[in-house]
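The model shown is predicted, which means the values in this text are computed figures rather than measured ones. All ligand and atom numbering here is 1-based and tracks the order in the structure.
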Amino acid sequence: MSADNLIDGRAIAQKVHAETESRVDALKSAGVKPGLMFVRVGEDSASKVYVGMKERTAAKLGIRSETTVLPEDTPEADLLELLGKLNADASVHGILVQAPLPRHIDETNVFSTVSPAKDIDGFHPVNVGKLMLGKGGGFVPCTPGAVHELLIRSGVAAEGAEVVILGRGNIVGKPMAAILCQKKQHANATVTLCHSRSRDVAEHCRRADIVVAAMGVPEFVKADMVKPGATVIDVGVNRVDDPAAEKGYRLVGDVDFAAVQPIAGKITPNPGGVGPMTIAMLMRNTVRATEQQTDAGIR
Ligand code: GUN
C-alpha cells in the first residue's frame, strides 16, 4: 500500500503539541499551571478509553488534569451542581463533560452550564453562536477543529472547494459546516451537509473535492462515491462485531479505506488521522482558556 497520500494525524498532532507545550511553559514561568477537569457519567466503555487518552496527553504536556466519575443514575441536578463548583474554581481552566450522557440527562442543559470561558469543547451556546457569527473569540469544537487544521497543515485548499460533509451532528457535522463556509482564509468552501434523509448521498459525494465522513456508518464511503484526487477525511469510529478479534469487535471508520485510498488525492488513516488531532485541539483550547483566564502566557 502506497502511503504517500496519507494525512498523518499523529505526526501533525505532535507539531501542535510542541506548540502547546511552549505555551504551557510560558504559563508556568508566570506561575500558572493549566487545569483541565473531565467529568464522566456512567461506564460507557468508549468514553473511558477517550477520557483516559486525553488524561495521558494532558500529563505529557504539563497540564494538570483530574477526572470525576459519577454513577450512571446521577440526577441531572447533581451534575449541574458539580459544574457550578468547577466554574467557580480558579485552578480549573477547562471543563469537559464526556458525551454521550445517560438518557435521563439533557446534554444541552449540561453544556449550557459549563462557563463559556472554560468550555474547551466549544459546546456552550455562546461558543456555538460565536462560531456561527464567524467573528472568532470563542472555542471551536475539537473534532471539526481538528479536521480543519489537518486540511490546512496538509495543504488542502478549502477556498472555493466543493465540500461534502456526511452527518449533521452537533459535535462534528454542523460545526464543520460552519467552519468551512466562513468568509475567511482557509475556508470559503461551498458546503453540502448530507444526512440520513438526504436523497442520493453518493451523487453529492462524487462532486466533492473534500469529503468529511462523520455519520457513524461503518465503511459507508465506497470507491465509486469519491472523485479521483479528492481529499477524504474519516471521522468515524464504529465498533463492528468480529469473533476473530480478541475483544470480539474491531473499530472501523466511515470510509472503506482499502477501496478509497488508491483513488483519493489525500486521505486520513483511521486510526491515526482525526483522532490524535482532536486531542491536540483539546489541549490547545485548554491552554488558550488558561491564558485568557489568567492574562498570562505568550499567546
Ligand atoms: N464525545 C464524542 N466526542 C466528544 C467531544 O469532542 N467532546 C465530548 N465532551 N464528548 C465527546
Can you get from Val110 to Ile171 by hopping between Ile, Leu, Val, Met, Phe, Trp and Tyr side chains that sit under 4.5 Å apart? yes

Answer with yes or no whether the hydrophobic clustering places Ile152 together with Ile12; edges join I, L, V, M, F, W, Y residues whose side-chain heavy atoms lie under 4.5 Å apart. no

For ligand 1, which atoms have a heavy atom of Leu96 less than 4.0 angstrom away? 9 (N)

Proximal candidate to atom 8 (C) of ligand 1 [heavy atom criterion; set Asp121, Val114, Ile279, Val235]: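 The residue whose heavy atom sits nearest atom 8 (C) of ligand 1 is Asp121.
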
Nearest-contact summary for atom 3 (N) of ligand 1 - protein heavy atom, Å: Ile171 CG2, 4.0 Å

for atom 11 (C) of ligand 1, nearest protein heavy atom and its distance come out as Gln98 NE2, 3.4 Å

Which atom pair, heavy atoms only, marks the closest approach of Asp254 to Asp234?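 Where Asp254 meets Asp234 most closely, the heavy atoms are N-OD1, 2.8 Å.
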
Ser45 and Arg239: side chain donor to acceptor below 3.5 Å: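 Looking only at side-chain atoms, Arg239 and Ser45 do form a donor-acceptor pair, the distance falling under 3.5 Å.
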
With a 4.0 Å heavy-atom cut-off (strictly under), which part of Phe123 contacts ligand 1: side chain, backbone, both or neither? side chain

Applying a heavy-atom cut-off of 4.0 Å, say which part of Val97 lies close to ligand 1: side chain, backbone, both or neither.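 Contact part for Val97 vs ligand 1: backbone (N, CA, C, O).
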
Could you grab the distance from atom NE2 of His93 to atom CD of Glu291, nearest 0.5 Å is fine?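 Between His93 NE2 and Glu291 CD, I get 10.5 Å after rounding to 0.5 Å.
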
Polar contacts were defined as any N/O atom of the residue lying under 3.5 Å from an N/O atom of the ligand; does this apply to Ala99 and ligand 1? yes

Does some side-chain heavy atom of Lys54 sit less than 4.5 Å from a side-chain heavy atom of Gln98? yes

